[in-house]
There are 2 protein chains.
Amino acid sequence: MRIDGMSYRSVWIDNDEPDIVKIIDQASLPFSFNICNLRSVEDVYDAIADMKVRGAPAIGVAGAFGMYLATLEITVRTNIREHLHNAARYLSSCRPTAINLSLAVTKVLNSIFSEDLSRKEDISRKALLVAQEISDNEINNCKEIGRYGLEIIRKISLQKNGGSVNILTHCNAGWLACVDLGTVTAPVYMARDKGIPVHVWVDETRPRNQGARLTCFELANEEIPHTLITDNAGGYLMQKGMVDIVLTGTDRITRSGDCANKTGTYLKALAASDNNIPFYVAAPSTSFDLNISNGIDSIPIEERDAEEVTEIEGIAGGRVIRVRICPENTKASNYGFDITPARLIKGLITEKGIINANESDIVNLFN
Amino acid sequence: MRIDGMSYRSVWIDNDEPDIVKIIDQASLPFSFNICNLRSVEDVYDAIADMKVRGAPAIGVAGAFGMYLATLEITVRTNIREHLHNAARYLSSCRPTAINLSLAVTKVLNSIFSEDLSRKEDISRKALLVAQEISDNEINNCKEIGRYGLEIIRKISLQKNGGSVNILTHCNAGWLACVDLGTVTAPVYMARDKGIPVHVWVDETRPRNQGARLTCFELANEEIPHTLITDNAGGYLMQKGMVDIVLTGTDRITRSGDCANKTGTYLKALAASDNNIPFYVAAPSTSFDLNISNGIDSIPIEERDAEEVTEIEGIAGGRVIRVRICPENTKASNYGFDITPARLIKGLITEKGIINANESDIVNLFN
């Protein structure tokens with residue numbers, strides 16, 4: 001997608017620097033645009049932990065590339081199996097909620113050992129190939145999700161006699177989160193391309209403000225009409241008929257259709273349900289976890305630093321500054337995600353089609 | 001209540017400066033503590049508009065004192081009736097959602113004309129007397145609300161075998177909002193005084209962060225255990241059984257029991273309902289509006305400046321700073337309130353007792 005007219009992915013490897021994983025530093029957007037060079041497994045771990053690369057599909061791809069970097073660290077004295085398993089465990093432990101990360105890391109690991117490779121060059125070549133495949137797949141997933149999601153938006157616009165479709169979204173499931181295109185944003189961009197008028201209500205998404213910082217940034221670059229709102233505001237907009245559809249991403253979908261997503265998503269799903277507004281989750285099949293069923297009991301929810309709550313980063317006078325928003329020494333709690341139960345979800349928009357959020361549809365999707 | 005051990009009301013008149021209405025500047029808390037001197041109707045209007053004085057009961061009291069200031073402006077050439085009606089209209093128009101403001105202003109106005117007073121001194125004396133009565137009444141209301149609310153907290157603690165009661169609140173319905181004591185906080189302080197362990201989850205309450213700034217400030221001064229959370233977090237806490245009761249204030253209650261309150265309250269009420277957690281609204285009878293029924297259709301919702309969304313004020317390096325949290329030129333929307341439908345409310349805690357949020361109980365309360 002575009003930044004100031006230039007095309008980017010959010011995670012990639014340049015051909016002329018094959019030992020470096022590059023990412024757009026999402027933690028510094030929109031106040032400055034920086035590209036980070038990741039040269040080691042530790043670099044990848046830190047970039048994910050610090051949310052320089054974030055978004056379930058994107059951290060999966062970063063993790064896969066991290067496994068490739070792990071293969072570059074192999075020396076003649078390395079116990080390869082132990083080394084790569086350690087790297088996989090280390091990378092997977094970085095953020096617990098999104099299933100994409102451990103799935104992608106495991107995929108690279110298994111692909112290496114399934115072929116019984118032993119030469120470092122072969123192992124690295126294989127790891128890179130699989131990581132690139134995972135990356136290309138995620139982009140292709142977004143494309144297909146876009147095609148299916150477009151039809152939902154088109155239908156709503158037709159019901160409104162061609163009127164503008166008001167989409168509310170939470171957090172950022174845009175191209176930054178998905179390497180390119182985005183799960184939530186692909187349908188939006190395709191609607192725009194088809195001449196269907198759209199307008200996006202962007203939840204600011206405290207504590208890290210991925211909506212205010214990243215989604216607004218993406219939509220502005222693509223010239224999609226959008227309005228920033230506080231996380232508190234969506235309920236009133238729905239009460240007043242100002243939202244036609246709620247569309248979010250997810251970090252993990254259980255076998256029964258429960259979805260973990262950025263904290264606050266559940267509250268929007270409740271409001272959508274209470275106002276008969278369709279709530280859709282857009283997600284690739286790499287976000288499903290068929291091993292668990294009840295999301296509230298089983299999905300691990302990351303608890304992050306309290307300072308993300310007590311302090312907010314912004315820009316003033318051209319300088320990026322963190323300000324404290326509460327009395328000194330105020331204690332804060334910071335769970336990063338919540339669970340939207342399947343019963344509140346109208347449909348899951350996947351790259352293989354739109355399905356209901358229930359076990360039979362989900363199991364079917366993988367057969 | 002106490003600030004650094006000293007006792008204050010949030011709105012008052014000192015005996016030795018009878019021509020000045022004093023307020024604690026709530027817009028500068030907790031970063032600095034300032035007392036503002038309001039010397040004219042315009043000063044009162046501006047203080048309410050800028051949220052230096054805020055909270056439904058407190059702006060009612062400030063409006064009443066504003067009417068007293070209006071009487072001080074009477075000269076021999078003043079058309080008294082026109083002057084005071086204009087002042088009442090002007091003050092009432094300042095913030096539309098809380099009913100307390102227009103109710104208090106009208107009460108002072110009517111008390112003057114009901115006695116057919118004509119001497120400036122008599123009019124002023126009457127206005128001051130009624131304004132003081134309104135203020136004392138609101139404090140007494142909090143006391144009674146505290147007594148009734150205490151019993152709810154006590155019951156929950158007993159059900160938990162004396163365990164700590166986790167109360168989630170949104171915005172600030174504390175003593176700053178109510179001149180003294182507070183509607184939501186009075187039961188909390190009384191529980192503390194009775195040795196019932198309590199812990200308060202404080203929603204930060206974007207866009208103006210009254211939770212993070214004011215409620216945390218109040219609770220810290222009173223040494224009540226509390227934890228700041230983002231507005232997004234309450235749903236997950238409820239899903240995980242970490243909230244025993246949700247308790248908020250309100251700006252207006254309709255005849256049918258719908259409650260307008262700070263934007264985001266509705267989302268917490270939905271989550272409470274979805275998790276079988278009691279959601280109570282604490283409010284004096286001065287917050288009821290028997291003239292309207294359907295809150296969503298009939299309660300005027302204030303739309304405030306978009307900059308309250310795009311910018312956040314905080315403190316850094318000892319300086320109070322406003323930072324922009326989104327790309328430059330991002331459009332934002334800022335409705336200040338939402339409506340919690342009566343069906344989501346377990347009970348209304350008033351100074352006359354706890355009632356159900358329905359028309360018969362409400363009408364009964366006023367008979």
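Since the structure is predicted, the reported quantities are computational estimates derived from the model, not experimental observations. Quick note: numbers below take in every heavy atom, side chains included, and nothing from hydrogens, waters or symmetry partners. Within every chain, numbering begins at 1; the chains are lettered A, B, ... in the order of the sequence lines, protein sequences first and strands thereafter.
- The part of B/F337 that comes within reach of chain A is its backbone (N, CA, C, O), which places non-hydrogen atoms under 4.5 angstrom from that chain.
- The CG atom of B/N232 sits 3.5 Å away from atom CG of A/D231, with the distance rounded to the nearest 0.5 Å.
- Annotation: maximal heavy-atom pairing with chain A below 4.5 Å, among B/T330, B/T310, B/I301, occurs at B/I301.
- Of all the listed residues (B/I312, B/T265, B/V320), the one sharing the greatest number of non-hydrogen pairs under 4.5 Å with chain A is B/I312.
- The ring-ring contact (aromatic ring centres under 6.0 Å, His included) contacts involving residues 251-277 of chain A comprise nothing, where partners must be two or more places apart or lie in separate chains.
- Interface residue A/S333: backbone and side-chain heavy atoms are both found under 4.5 Å from chain B.
- Looking at A/D274 and B/R343, a side-chain N of the basic residue comes within less than 4.0 Å of a carboxylate O on the acidic one, giving a salt bridge.
- Most heavy-atom pairs under 4.5 Å with chain A, from the set B/E204, B/H170, B/R319, B/R213: that is B/E204.
- Ranking B/I315, B/V202, B/I339, B/L237 against chain A, the residue ahead of the rest is B/I315, based on heavy-atom pairs under 4.5 Å.
- Ion pair A/R206/B/D203 not flagged as a salt bridge, since none of the NZ, NE, NH1 or NH2 atoms sits closer than 4.0 Å to an Asp/Glu carboxylate oxygen.
- Only the backbone of B/E313 comes within less than 4.5 Å of a heavy atom of chain A; no side-chain atom from C-beta onward does.
- By number of non-hydrogen pairs under 4.5 angstrom with chain B, the leading residue of A/A316, A/P207, A/A332, A/S273 is A/A332.
- Counting heavy-atom pairs closer than 4.5 Å to chain B, the top-ranked of the candidates A/P327, A/C216, A/G336, A/G264 is A/P327.
- Comparing B/D338, B/L228, B/D297 by heavy-atom pairs within less than 4.5 Å of chain A, the highest count is held by B/L228.
- Contacts of B/L214 with chain A are absent, with no heavy-atom separation under 4.5 Å from either backbone or side chain.
- Contacts of A/A220 with chain B are absent, with no heavy-atom separation under 4.5 Å from either backbone or side chain.
- Note that SG of B/C326 is 8.0 Å distant from NE2 of A/H226, once rounded to the nearest 0.5 Å.
- Scanning both residues, A/G235 and B/L267, for their nearest heavy atoms gives CA-CD2, 3.9 Å.
- Chosen from A/T215, A/I296, A/L219, the residue pairing most often with chain B at heavy-atom distances under 4.5 Å is A/I296.
- Chain B forms the most heavy-atom pairs under 4.5 Å with one residue out of A/T205, A/L270, A/N209, A/L29, and that residue is A/L270.
- The minimum heavy-atom distance linking A/A233 with B/T263 is given by the pair CA-OG1, 3.5 Å.
- Shown here for A/Y335 and B/M242, the closest heavy-atom pair between the two residues is OH-CE, 3.5 Å.
- Counting only heavy atoms from C-beta outward, the side chains of B/R322 and A/V323 never approach each other to under 4.5 Å.
- Proximity to chain A involves both the backbone and the side chain of B/F217, based on heavy atoms less than 4.5 angstrom apart.
- Proximity to chain A involves both the backbone and the side chain of B/A271, based on heavy atoms less than 4.5 angstrom apart.
- Heavy-atom distances place the side chain of B/K240, and not its backbone, under 4.5 Å from chain A.
- Both the backbone and the side chain of A/Q239 come within less than 4.5 Å of a heavy atom in chain B.
- Contacts between B/N334 and chain A at a heavy-atom distance below 4.5 Å are absent for every atom of the residue.
- Looking at A/P30, the atoms closer than 4.5 Å to chain B (heavy atoms on both sides) all sit in the side chain, from C-beta outward.
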